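Have a look at the structure below before the remarks.
This one's a predicted model, so the numbers in the text were calculated from it and none came from an experiment. Just so you know, ligand 1 is whichever comes first in the structure, and atom 1 is the first atom listed for that ligand.
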Amino acid sequence: MEPKGKTREEVEKLTVIDTWLRKHRLIYLGATRHSFVISIRDGTVDFSGFKIWLGQDYKFVRAFVAFVASVLIKAWKESDESEGDTEVILSGVAALNDEIAWFKKEASGFGVQLSDVVQEQPNRDYCRFLEGLMSPEVEYTVAITAYWGIEAVYQDSFAHCLEHGSNTPSELQEACQRWGNDGFGQYCNSLKNIANRRLEKASDEERRKAEVTLLSVLEHEVDFWNMSHDGSD
Ligand SMILES: Cc1ncc(CO)c(N)n1
């Protein structure tokens, strides 16, 4: 029974991020249920689109490593409870080391020459955006929220391709497992908990900045998927 005079939100004590996910649900779904992701899930994906994604994402991840390292520095500089945070972020850096090796192996399997990949404009724009977030002026709360958002989009998208009833081609199963596995889901959840802890005690101004940054992440993710699948078929 819900106590009188309380809204559902007050009873359920929604976290800041969950409130945003409700408020911006369609934008979030635009990034996590993009037509490219749906085409992987239903098995109609064009392999040439997948190869484009592979080459572009390899380039993206190289910039993303620098971004995650910058988040680690921000966590370390905070004198609050962020000691546990640095370990969580460090394990993310370690995972990216494996990820880069995986991209190289996967690219060679698909015949993609990574040294020939030219970064497309939406990818450049996304990396430029990450570079802005690496600035020491950007608060830890804002940066960790962005980090969670970037990982969560991939986790949610690729987990969708592994769900019961999906028809993902066997050649793409490994890619989907990489981000769609439960362990990575738990990792995203620890990032979400850190971000929520910081957001709960942040100023309105800082919280507003984090929300706007998360919306930019979602927009960049849609533009990124669009490079491989513009939805025209
Ligand atoms: C574009 C993009 N977003 C998120 C991730 C998550 O790691 C990635 N590898 N690439």
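With a 4.5 Å cut-off on side-chain heavy atoms, T32 and V37 do not count as touching.
Of the protein's heavy atoms, D57 OD1, 2.6 Å lies nearest to atom 10 (N) of ligand 1. Closest to atom 3 (N) of ligand 1, if we only count protein heavy atoms, is E221 OE2, 2.7 Å. E151 OE1, 2.8 Å is the protein heavy atom nearest to atom 7 (O) of ligand 1. Annotation: atom 8 (C) of ligand 1 to nearest protein heavy atom, Y154 CE2, 3.2 Å.
Side-chain contact, D125 with Q121: a donor N or O sits under 3.5 Å from an acceptor N or O. Donor-acceptor pairing under 3.5 Å is recorded for the side chains of H24 and E211.
The aromatic rings of F47 and F50 lie tilted to each other, with the angle between the two planes from 30° to 60°. Ring geometry for Y187 against Y147 counts as perpendicular: the plane angle is over 60°, on a 0 to 90° scale with 30° as the lower cut.
Those atoms of ligand 1 that come under 4.0 Å of a heavy atom in V61, given as number and element, are 9 (N).
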